[in-house]
Amino acid sequence: MAVQYNNASLATYRLDLLTPPDFNFWRTAYSHGWCDLPPFNHNVEERTLDRILRLSDGLIIACRLRGSSRHVHLRISSARHLTEQSRREIRTQIRSCLRLDEDISAFHTAARRYHHFRWVARAGAGRLLRAPTVFEDIVKMICTTNCSWALTKTMVINISREFGDPCAAGGWAFPRPDQLAGSTERVLRQRCKTGYRAPFLLGFAELVASGKLPVETWRRSSLSTPELYKSVCSVKGVGPYAAGNIVRLLGRYDYLALDSWVRKKFAELHTRGRKVKDSTIERAFARYGEWRGLFFWLEMTHEWHHEKFVA
DNA sequence: GCGTCCAGGTCTACC
DNA sequence: GGTAGACCTGGACGC
C-alpha cells in the first residue's frame with residue numbers, strides 16, 4: 001500500500017528535523033516490523049519511510065521521510081494548506097515515532113562495555129520505531145500474536161481500510177479508538193480477519209475510547225517498569241510476549257518479549273539450534289540489567305544490522 | 001482441489 | 001502456580 005505522490009491537487013511541503021548525534025535514521029526506521037505495517041510503509045532501496053498522519057483538526061497527510069547525517073527530511077503531501085500548528089504537530093508526531101527525544105546515551109555507554117555490542121553505539125542503533133499513539137501500537141501488537149507475519153499484515157491493512165479515514169495521497173490513517181469501538185465482533189472477525197482476537201480488540205478500543213484506560217499517558221508514566229508491565233498485561237489479549245514488546249515501545253527495556261522467532265534465533269546463536277528453556281534465555285541476559293530487552297533484541301537482529309544496514 | 005495437520009500467543013477452567 | 005484445551009487463520013503436506 002504505497003503512498004502515492006502523483007495527485008496534482010496535493011500540495012507538497014518540506015520540513016527538516018534536527019537529530020541527535022547518536023541517531024541513525026535507517027536503523028531506527030528498520031528496527032523491527034512496524035515499518036512494514038500501514039500506515040507505515042518503506043522502501044529498502046531508497047531508504048525511505050512513509051507514514052500517514054492524522055492531525056488534531058482532522059487533516060490526514062502523507063509524509064515521506066529520508067535521513068541524512070544530522071537531519072530527517074520530510075516531504076509532506078496535503079490536500080489542505082498546512083498551518084504552523086499543523087507543522088508543529090507533524091514534527092511532534094514524527095519525533096515521537098523515531099524516538100528523537102529519547103536519551104539512549106546511557107544504553108550506548110553500557111554497550112561500549114561489551115566487545116560484541118560495541119557496534120551498537122558506532123552504528124547509532126537502539127531506537128525502536130513506534131506509532132504516534134500507544135493505542136495503535138497495542139492494536140498492532142495484539143495482531144502479531146499467534147499468527148504469521150502475513151496474517152498480521154492482513155489484519156492491520158483490513159482494520160485501517162475498514163475504520164480509518166482515507167488519505168488524499170492514498171492509503172488510510174490508522175483508526176481512532178472511537179472508530180474501532182464503533183465496530184462489532186462480527187465485522188472484525190469476518191472483514192478484518194482478526195479471528196478470536198476480535199473481542200480483545202473491540203474491548204480494548206471501547207476502554208480507550210471511553211477514557212477508562214488512558215493508554216496515551218503510559219509513555220510518560222511514573223510507574224515502575226514492573227507496575228507498567230502489569231498494567232499493560234491487564235489488557236485482554238496481551239500476554240507476556242506482547243506486553244514485553246509494548247513496554248519497549250514505551251521506553252522500558254527490562255523484558256525480553258520471547259516469541260517463537262527469538263527463541264529459535266537464540267538457539268541458533270547460543271546452543272547450535274538446541275531448544276532451551278525461557279529461564280535459560282532470561283539468565284543469559286540478566287547481566288545487562290535495565291537494558292536487557294534492548295540488548296536482547298539487537299543481538300537477535302544482529303544479522304539485519306550487518307546485512308541490511310551497512311552505511 | 002480437498003481434507004488434515006500444525007504453528008503461532010493468550011485466555012479460561014481445572015487441578 | 002502449573003497445565004490442558006480452545007480460539008482462528010494460513011501454509012504445508014498427502015491424497
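Keep in mind that the numbers below use all heavy atoms, side chains included, and drop hydrogens, waters and symmetry copies. No experiment lies behind these values; they were computed from the predicted model shown. Residue numbers start from 1 in every chain, and the chains themselves are labelled A, B, ... in the order their sequence lines are given, proteins ahead of strands.
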Rounded distance in Å - CH2 (Trp149(A)) to C1' (dA7(B)): 17 Å
Reckon Thr145(A) has a side-chain N or O less than 4.0 Å from the OP1 or OP2 of dT10(B)? no
Base-pairing string, 5' to 3', of DNA chain B - Watson-Crick or wobble, under 3.5 Å, | interstrand: |||||||||||||||
If you find the nucleotide of DNA chain C closest to Ala150(A) and the one closest to Asn146(A), which residue's nucleotide is nearer the 5' end? Asn146(A)
Please state how far atom CG in Leu201(A) lies from atom C1' in dC11(B), giving the value in whole angstrom units. 14 Å
Are Arg51(A) and Phe40(A) in a cation-pi contact, defined as NZ or CZ under 6.0 Å from the six-membered ring centre and within 45° of the axis? yes
Hey, does the side chain of Thr154(A) come within less than 4.0 Å of dG10(C)'s phosphate (OP1/OP2), counting only N and O? no
Asn158(A) CG to dG10(C) P: how many Å, rounded? 10 Å
Between Trp261(A) (CH2) and dG8(B) (P), how many Å, whole number? 13 Å
Nearest whole Å is fine: how far is dT10(B) C1' from Met155(A) CE? 13 Å
Partner of Cys63(A) by side chain to side chain contact (heavy atoms under 4.5 Å, CB included), out of Leu15(A), Leu53(A), Thr48(A): Leu53(A)
Strictly below 4.0 Å, N to O, side chains only: are Arg95(A) and Asp101(A) in salt-bridge contact? yes
Would the Phe107(A) and Phe295(A) ring centres measure less than 6.0 Å apart? yes
Residues two or more places apart in sequence or in another chain: which of them pass side-chain contact (heavy atoms from CB on, under 4.5 Å) with His116(A)? Tyr114(A), Arg287(A), Tyr288(A), Glu299(A)
When all nucleic acid strands are considered with a 4.0 Å heavy-atom cut-off, which category describes Ser148(A): base, sugar-phosphate, or nothing? nothing
Grab the CZ-C1' distance between Arg191(A) and dT9(C) for me, whole Å please. 19 Å
Pair Glu227(A) + Lys230(A): basic N to acidic O under 4.0 Å: no
From the candidates dG8(B), dC7(C), dT10(B), the one with an atom nearest any side-chain atom of Ala242(A) is dT10(B)
Would you mind telling me which residue lines up with the more 5' stretch of DNA chain B, Val235(A) or Cys147(A), judged by nearest nucleotide? Cys147(A)
The nucleotide from dT10(B), dG10(C), dC8(C) with an atom nearest the side chain of Pro240(A) is dT10(B)
Please identify each residue that fulfils side-chain contact (heavy atoms from CB on, under 4.5 Å) with Thr19(A), with sequence neighbours left out. Phe23(A), Arg70(A), Val72(A), Leu100(A)
Quick check for you: among dG9(B), dC11(B), dC7(C), whose closest atom lies nearest to any side-chain atom of Arg189(A)? dC7(C)
Of all the choices, dC11(B), dG10(C), dC8(C), which nucleotide is nearest to the side chain of Lys236(A) once you look at every atom? dC11(B)
Whole-Å gap separating C1' (dG8(B)) and CE (Met141(A)): 15 Å
Aromatic rings Tyr196(A) and Phe200(A): how do their planes relate, parallel, tilted or perpendicular, breaks at 30° and 60°? perpendicular
Within the modelled atom types, does a donor on one side and an acceptor on the other bring the side chain of Tyr241(A) and the base of dG8(B) under 3.5 Å apart? no
Nearest whole angstrom, please: distance from the P of dG8(B) to the CG of Asp278(A). 13 Å
